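What follows is a short report on a single structure.
All values below come from the heavy atoms of this structure, side chains included, with hydrogens, waters and symmetry mates left out. Model, not experiment: these values are computed from the prediction. Naming convention: chains lettered A, B, ... in sequence-line order (proteins, then strands); numbering from 1 in each chain.
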There are 2 protein chains.
Amino acid sequence: MSQTTSKRKATAAQAAESRTGAGGRAGGASVHASVANEIGSRIVRGDYPPGSILPNEAQWSQTFNVSRSAVREAIKMLMAKSLLASRPKVGSRVEPRERWNLLDRDVLAWYATSPGRETFMRTVQEFRYIIEPEATAFAAVRRSDEQMAEISKACQDMGAATSLEARTEADTRFHLAILRAAGNDLLVPLGVLIESAFDHLFRYVTREGDDLDHAQKLHEAIERNIRLRRPDAARNAVRRLLSNTDRIIGANQAPSDA
Amino acid sequence: MSQTTSKRKATAAQAAESRTGAGGRAGGASVHASVANEIGSRIVRGDYPPGSILPNEAQWSQTFNVSRSAVREAIKMLMAKSLLASRPKVGSRVEPRERWNLLDRDVLAWYATSPGRETFMRTVQEFRYIIEPEATAFAAVRRSDEQMAEISKACQDMGAATSLEARTEADTRFHLAILRAAGNDLLVPLGVLIESAFDHLFRYVTREGDDLDHAQKLHEAIERNIRLRRPDAARNAVRRLLSNTDRIIGANQAPSDA
DNA sequence: CGCGGAGTATTTGTCAGATAATTGAACGCC
DNA sequence: GGCGTTCAATTATCTGACAAATACTCCGCG
C-alpha cells in the first residue's frame, strides 16, 4: 500500500525525494535533520497552530518516505525545542507559543522564512534596543584587550569592505564581539538574533552611500567609547546606531519583497 | 550472550537505577528523557569538556541498560540544544560553550544543579538587570488592562502570601506578567531565567521580616508605575528592586552550600 | 437517564538486529 | 615524500516487533 506514494505532497516530499529519488541534490542534510526542518518550519509557519495535533509518526513516515525512527528523532529534536509535546494515544500536540524557545537558531530561521517575518524582524530589532545598549556599557567596563582588538578589527573591516556581504559579515562580527566582551555568558546566545536580523535584513539597510557612511561613523563611535572605557557614552552611541537603523528600515520597508 | 534473556527482565529496574543520578530524575520520566537529562547534566557539569568526544552510542547503551534507539533520541535532543554535534566515525563531540543555548529550560536546570551554580546565578541576576528595567518600561507603555490586572493580582498575592513558597510563586508570576506585558515576544522565553533564579535563590532572599517588607514596597512601586504608565519611573523602580535583591544575596552568600 | 468501570483501540515508547553511509587513519604504491 | 586505496569505527537509516499509556466506547447498573 505504501508502494503508490502520492508524490503530490509537494514541499514535504522534496526532502525525501532528494535522497530516495534520482533527481534531487544529495548534498548535506541528514534525513532526520531535514524532516525536523520541514515539520518545524510548518509549525512555525502556522500550518499546525498551537494546541492542535500533528499527524502521527506513521503518517509522517509515509509522507516523507522515511522510516519511523527518522521521524521520531526529528520529533524528539522539536520536543527539545519545546515546539511540541507527545503523549501516547493522543499524539504530538503543538505547544503554546510562549513555551517555544525563540532564541534557538533553528526556530529563528523558521521564523525568518515564515509569513509575518516582517513583524518578527521588527520585534528582533526592538529586542536589540533592549539589550545592546546595556551590553555595550558592560563591554566598555569589562572588555579585555583581546576582545577590544576583535571589536576594532571588525569595525575596521566594515569600513574597508568592498562588497555588501563582506560588510554585513564584519558588522555581525562587530556586534557579536561586543556581546562577548560584555562578560555575561547569557548574552552570547542572543547573538543568533543579531545574526538572524542581519542575514534577513541586510537587503534593506544599505545601497545608499550616505546612509552607509553615517552608519560607519556610528559604529566607530561605539568602538571608540568602548576603547576609552566610557560606558554611558557607549550606551548612547548604540542607541543612536539602532535608531538610525530603524529609520532606514522604516523608510525602505514599503517593498514587501525584493 | 545467554544473559540477554535475564537482562530483558531486569531492564526496567536496572535502567531506572542507573539513571537515578544527580541530574537524571527517574520518576515518571521516559527513558530517552532521563538519558538526555543524565548526559546533558554531565556535559554541563563539565565531565565532558567542550571539544571532547563522548562515549559512543553502544557504550551509553550499555551504561544505562537501554536500547541504542533510546540513546540516539536522547542525543538528538542534546543536538537540538546545540550541546553536541555528531559525525560518523568520530562520534559525538561537545560543542563550545558559546554555542550552547543557555536560555533553554533544561540546560538552565542542569546549570542550576552543577558546581559553579553560584557564579551562574550571579550571571542570571546581572542579566535580569540588563533586560528587566527596559522590559518594564515597555510594559508601562504597552500594557493592556488584562495584563495590568495580572500584574496587580500577582503583586497583591505576594503581599498576602503566608508561606515562602506561595510568595515566591507570586513573585515569579509578577515578573513573568511584566515580561508578557512588554509586548515583545522575544522577552517571554527569558522568563525561564527568572523562574530558574527564583527556584534556586529563594532560600537566600527572605527570612528577614524587614527585608521582606522592603521588597514588597519595591514591588508595589513597580506595579504602581506600570499602572500609571510612567516608563521612566518604572524602570528606576525595577533597578531599585534588583539592587536590593543583590544586596540581600550578597549578604547571605557566605554559606556556599546549603 | 446518568454514571462508573471494564474493555478496546490507537498512538507513542522501547527494544533488537541488520545494513548503509561517512570518514579518519593506516597502508602501500609510485 | 606525496598521493590514492583500503580499512575500520561510528553514526545513520531501516525494519519489524512488542510494551505501555490512555482517550474513547460501550455496557451494565442504579
Side-chain angles (χ1 to χ4, degrees), chain A residues 1-3 5 15-21 25-37 39 51-80 84-95, chain B residues 1-16 18-19 26-37 39 51-80 84-95:
Chain A
M1 55 190 202
S2 65
Q3 183 186 4
T5 52
E17 216 160 63
S18 66
R19 357 173 340 280
T20 59
R25 44 187 183 155
S30 51
V31 173
H32 58 258
S34 46
V35 171
N37 224 49
I39 300 180
S52 63
I53 304 289
L54 265 63
N56 64 33
E57 295 171 354
Q59 284 175 296
W60 284 124
S61 174
Q62 272 202 349
T63 304
F64 295 127
N65 276 324
V66 299
S67 73
R68 206 188 131 208
S69 344
V71 173
R72 278 187 62 77
E73 290 180 358
I75 287 182
K76 286 290 163 298
M77 296 206 289
L78 299 178
M79 286 174 61
L84 43 87
S86 297
R87 289 171 60 194
K89 166 71 183 179
V90 52
S92 296
R93 158 174 285 116
V94 179
E95 293 267 14
Chain B
M1 301 297 188
S2 60
Q3 62 179 354
T4 41
T5 51
S6 66
K7 184 170 75 174
R8 184 127 167 74
K9 289 177 182 172
T11 294
Q14 281 195 357
S18 318
R19 273 181 273 115
S30 49
V31 173
H32 58 257
S34 43
V35 170
N37 248 332
I39 300 180
S52 63
I53 304 289
L54 265 64
N56 65 33
E57 295 171 354
Q59 284 174 290
W60 284 124
S61 175
Q62 271 203 347
T63 304
F64 296 127
N65 275 322
V66 300
S67 73
R68 210 188 125 207
S69 335
V71 172
R72 278 187 62 77
E73 289 180 358
I75 287 183
K76 286 289 165 300
M77 295 206 288
L78 299 178
M79 286 174 60
L84 41 87
S86 297
R87 288 172 60 194
K89 165 76 180 176
V90 52
S92 296
R93 160 175 283 116
V94 179
E95 294 267 16

Study note, to complete from the structure: From CH2 of A:Trp60 across to P of C:dT11 the rounded distance in Å is 14 Å

Review point. Got a sec, which pairs hit salt bridge (Lys or Arg N to Asp or Glu O under 4.0 Å) with one end in residues 58-69 of chain B, sequence neighbours left out?
Key: B:Glu57-B:Arg68

Practice item. Whole angstrom is fine here: how far is it from CD in B:Glu73 over to P in C:dT12? Key: 12 Å

Review point. Ignoring hydrogens and geometry, is there a side-chain-to-backbone donor-acceptor pair from A:Arg93 to A:Ser52 under 3.5 Å?
Key: no

**Study point:** Spacing of A:Asn56 atom CG relative to D:dA21 atom C1', expressed in whole Å
**Key:** 16 Å

Exercise for review: Of all the heavy-atom pairs spanning B:Ile53 and B:Val90, show the shortest one and how long it is.
Suggested key: CG2-O, 3.5 Å

Review point. What's the closest nucleotide to the A:His32 side chain, out of C:dG13, D:dT13, C:dC15?
Key: D:dT13

Review point. Are any of B:Arg72's side-chain N or O atoms less than 4.0 Å away from OP1 or OP2 of D:dT11?
Key: no

Strictly under 3.5 Å: I want the nitrogen or oxygen pairs between protein and nucleotides 22-26 of chain D, one per line.
from, atom 1, to, atom 2, distance (Å)
D:dA23, OP1, A:Arg87, NH2, 2.6

Check your understanding: Roughly how many Å is it from CD1 in A:Ile53 to C1' in C:dT10, rounded to a whole number?
Key -> 13 Å

Practice item. For A:Pro55, check side chain to side chain contact (heavy atoms under 4.5 Å, CB included) against everything at least two apart and list the hits. Key: A:Tyr48, A:Gln59, A:Trp60

Review point. Out of D:dT13, C:dG13, D:dT11, which nucleotide sits closest to the side chain of A:Glu57?
Key: C:dG13

**Study point:** Heavy-atom side-chain proximity of A:Glu73 to A:Met77 below 4.5 angstrom
**Key:** no

Point to revise | Donor-acceptor contact below 3.5 Å, side chain B:Ser92 vs main chain B:Ala85 | key: no

Review point. Between A:Ile75 (CD1) and C:dT12 (P), how many Å, whole number?
Key: 7 Å

**Study point:** Value in whole Å for how far the P atom of D:dC14 lies from CD of A:Gln62
**Key:** 14 Å

Exercise for review: Determine the minimum heavy-atom distance between B:Val71 and B:Val35, stating which atoms define it.
Suggested key: CA-CG1, 4.5 Å

Review point. To the side chain of B:Ser86, which of D:dA12, D:dT15, D:dT13 is closest?
Key: D:dA12

Point to revise | Pair of N/O donor and acceptor under 3.5 Å linking C:dG13 base with A:Arg68 side chain | key: yes

**Study point:** Closest listed nucleotide, where the reference is the side chain of B:Val66 and the choices are D:dC14, C:dC15, D:dA12
**Key:** C:dC15

Exercise for review: Name the closest nucleotide to the B:Ser92 side chain, picking from C:dC15, D:dT11, D:dC14.
Suggested key: D:dT11

